[in-house]
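Only heavy atoms go into these numbers, but all of them, side chains included; no hydrogens, no water, no symmetry mates.
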Amino acid sequence: MPTLLNAEALWSLARVSPPVVARDGSFSVASVRRTDANTQQNSTVLYRIARGHAPHALTARDASSTDAALSSDAKTLAFVRRPLGAPSDRAAQLHVMSLEHGGEPRVLGDFPLGVSEPRFFEDGRRMCVVANVYAAAPTLEGTRALREERSKSKVDAHVTEDRVFRFWDRWLSDGEVPHIFEVSLADGTVRDCTPNLTAWFDLMGEGANYDIAPDGSELVFAAYVHQPQHQRVRSAIYRLSLSSGVIECLTPDHVGDDVRPCYAPDGSAIVYGARRDHVHCSHLELRLRSRVDGSERTLAASFEYDVDEWSFADARTLVGSATIRGRTRPWTLSIADDTIVVLETDGGSVRGVRASRDGTLWCTHESLTRPPEVHTMPLAGGPLAARSHFNDELVESLALARVEERTMMGADDEPVQVFVLHPHPSTRAESRDKTLVHLIHGGPFGIFGDAWSWRWNAQVFAARGHAVAMVNFHGSSSFGERFAKSILGDWGGKPARDILAVTDALVAEGLADTQHVAVAGASYGGYLTAWLTTQTQRFRCAITHAPVTDVLSMMASDFMLEWDIEMGAWPWDGPEAQARFLRFDPMRAVGAVTTPTLVIHGATDYRVPYAQGLEWYGALKARGVPSRLVVYPGENHWVLQRANAVHWFGEMLTWLDRWLLST
């Protein structure tokens, strides 16, 4: 009897991250995270992965080791480590270890607020890292002293005059700013390369903020440029001379974000990503900037899809990935003739594409039916080969749903992509009603792709016997800029019509019974779920997680600086503007809702403040609509703790059983 993929099984899988690669291609280093069911602690171990050899653990399980970096000769490994169970005031620190001679890792430096993004200089004797300091005391010693002083204060207050004052699940009013430090491997000496820097790096902490020139003379980094008090924010590219300390903005006049700069191996140029305009759903293209004369040109200008990542294979070739119609695929780009070639991967999605000098691409590969594992493929194209097998045994035992990709007609008679999961025969009794669950992705400029999800995993819903539909509605990424921008000012328009059109078509085909269809989503998906229940009684029940339900109250969100563009206006610019702003507001249409709704929210969610969920639940209860509220005090916009995530899945599946399986 095959095993069902429930939430416990999902959390038993190892989470394999994209590897860093030795230049000669002889091996890579990947992080593998597991969460203990009893202690709820995450342990991330670094593994050496080489062709023809079983993965070898390089770090211990009693700590989380992340942010791996290899020296140019691949003899030294750097990483960031934090012991499990360490007190909250013990920050993660920089460690290095010899891969040639072995031995215990050494700690380099002492960074009071932690450290991230280690990078080796070409000579292998020095490194750079990113570490936060307090702008009010912008040295490591000053930050350490101020932190100690603040810990003793009886005052508990956040004070700010900034437009952006908190992000995701943390306040920004304590004055933390990132600095780049140079660290000597010989004696651990630390030098602040950016003592006067007050700009922010990527607030999501996703890395790739900077790169070091091959000759070691300078580095480039991406940081936010902002008007006073952050009224509008964009990311620009800066160059830092390591000898003089002078910082120069290389892209002062650009309108959109400039991100993730990197040097060519011969030092002749810098490549970075640039958005065409300031809207975050605008096209992201590659720019090549000469270090000789500062001239720039756009690479592969006719390529209509956003590039997700990029790096140099050699001075003449870039490699990376791009999400194209729901699948993230590797590509190679010849700088000389400006030709980009998208490589075949036989479905699924790749992440972290990196090239080694032996003509090999390394990455992780995943799909809707398999979690990520490290893979390789030839740089010139060819089959993927699995190099790690952390999850093979468990995955092979699972009764997974069959995935079907469909193209169906949506709003304005335009086609939309739909992934449909057909439950494994062992999960559905013959007498069970045909049930369908629509999962709606967030963003709205996101996607449900052919990739494994650790949160909204469609296979968990299908394992309960439900067919699952995931529509990449208008506004979804990976279908070109026009498709993404088509919902600006139309949040509840075309996407809602897409969902309803696909629902009707699937019911007409017999995939589900008319009275046994549910809808569920989070963030924008939670918004669209709530909005749909104000427009139709098609759905037997709904699940809305972290939903936007009162668009005016979203002024309390952490980073809604383009809210006027997304809604079509600011509400205070007169009656017509207010009408446009509130046109698709669920709270003002809640009087039409009769759909039983499960409302879920995290109390430390600053992206969609959790009062939004409370308002929706309160309004439904006041109207007598069957509803249930689940609030996680310690969770943010996502549910990240293992016990809470298992409970979260349990609440959703029980709600679906309660309403979809009743007569």
Query raised in the report: Rounded to the nearest 0.5 Å, what separation is found between the CG atom of L333 and the CH2 atom of W310?
Result: 12.0 Å
Requested in this report: Would you mind telling me which of W200, Y263, Y210, F201 makes a ring-ring contact (aromatic ring centres under 6.0 Å, His included) with F221?
Outcome: F201
Report task. Please answer whether the main-chain N or O of T317 pairs with a side-chain N or O of D314 as donor and acceptor at a distance below 3.5 Å. Result -> yes
Query raised in the report: Are the side chain of S282 and the backbone of V279 linked by a donor-acceptor contact shorter than 3.5 Å?
Result: yes
Query raised in the report: Short question: side chain of R106, backbone of S98 - any donor-acceptor pair under 3.5 Å?
Result: no
Query raised in the report: Donor-acceptor pair, E218 side chain versus R239 backbone, under 3.5 Å?
Result: no
Report summary line: Scanning both residues in full, the closest heavy-atom pair of D24 with S26 reads OD1-OG, 2.7 Å
**Report entry** Donor on one side chain, acceptor on other, N42 and S64, under 3.5 Å
**Finding:** no
Query raised in the report: Does a side-chain heavy-atom distance below 4.5 Å link Y272 with T251?
Result: yes
Query raised in the report: Do the charged groups of K485 and D277 touch, with an N to O distance under 4.0 Å?
Result: yes
Report summary line: When rounded to the nearest 0.5 Å, the distance separating CD of E566 from CG of D564 is 9.5 Å
Query - Full working for side chain to side chain contact (heavy atoms under 4.5 Å, CB included) between V159 and S173 - result: CA-CA 6 Å; V159 180; S173 54; 5.9 Å; no
Query - Check: H375 side chain, E373 main-chain N or O, donor-acceptor pair, under 3.5 Å - result: yes
Report task. State, with a plain yes or no, whether a side-chain heavy atom of L318 is found less than 4.5 Å away from one of F312. Result -> yes
Query raised in the report: How about L77 and L70: do any of their side-chain heavy atoms sit closer than 4.5 Å?
Result: yes
Query - Check: H280 ring centroid to F445 ring centroid under 6.0 Å - result: yes
Requested in this report: Measure the spacing between OH of Y305 and OG of S478 and express it to the nearest 0.5 Å.
Outcome: 8.0 Å
**Report entry** S17-R33 side chain donor-acceptor pair, cut-off 3.5 Å
**Finding:** no
Report task. Assess whether atom CZ of R191 is packed by more than 12 heavy atoms of other residues, nucleotides or ligands within 6.0 Å. Result -> yes
Report summary line: CD (E309) and OG1 (T323) are apart, to the nearest 0.5 Å, by 9.0 Å
**Report entry** Test of ring centre spacing under 6.0 Å for W638 and W456
**Finding:** no
Query raised in the report: Does the cation-pi check pass for R150 over Y134, that is, NZ or CZ under 6.0 Å from the six-membered ring centre and within 45° of its axis?
Result: yes
Requested in this report: Run the salt-bridge test on E481 and R275 with the 4.0 Å N-O cut-off and return the result as yes or no.
Outcome: no
Query raised in the report: Parallel, tilted or perpendicular: which fits the ring planes of W454 and W452, with parallel below 30° and perpendicular above 60°?
Result: perpendicular
Query raised in the report: Relative to each other, are the rings of F559 and Y224 parallel, tilted or perpendicular (30° and 60° limits)?
Result: tilted
**Report entry** Check ion pair R81-D62 (N to O, under 4.0 angstrom)
**Finding:** yes
Requested in this report: Go through T160 and L172 one step at a time and tell me if the side chain to side chain contact (heavy atoms under 4.5 Å, CB included) criterion holds.
Outcome: CA-CA 9 Å; T160 186; L172 303 176; over 6 Å; no
Query raised in the report: Going through the distances and angles, do S476 and H441 end up as a side chain to side chain contact (heavy atoms under 4.5 Å, CB included)?
Result: CA-CA 9 Å; S476 299; H441 70 69; 2.7 Å; yes
**Report entry** Qualifying residue, where the test is side-chain hydrogen bond (donor to acceptor under 3.5 Å, both in side chains) with D558 and the options are H637, R170, R607, R166
**Finding:** R607
**Report entry** Test item: E100 side-chain N/O and T76 main-chain N/O as donor-acceptor pair under 3.5 Å
**Finding:** no
Report task. Please determine, by modelled atom types, if D306 and H283 share a side-chain donor-acceptor pair under 3.5 angstrom. Result -> yes
Requested in this report: Starting from the C-alpha separation in whole Å, work towards a yes-or-no answer on side chain to side chain contact (heavy atoms under 4.5 Å, CB included) for L99 and L58.
Outcome: CA-CA 9 Å; L99 297 181; L58 298 171; 4.1 Å; yes
**Report entry** Electrostatic pair R144-D110, nearest N-O below 4.0 angstrom
**Finding:** yes
Query - Polar side-chain atom of Q93 near backbone of V107 as donor-acceptor pair, under 3.5 Å - result: no
**Report entry** Salt-bridge present (R23, E122; N to O < 4.0 Å)
**Finding:** yes
**Report entry** Inter-residue atom distance L219.CG - I270.CD1, 0.5 Å rounding
**Finding:** 10.0 Å
Requested in this report: Answer yes or no: is there a side-chain heavy-atom contact under 4.5 Å between L140 and F181?
Outcome: yes
Report task. For N636 and T604, indicate whether the former's side chain and the latter's backbone hold a donor-acceptor pair under 3.5 Å. Result -> no
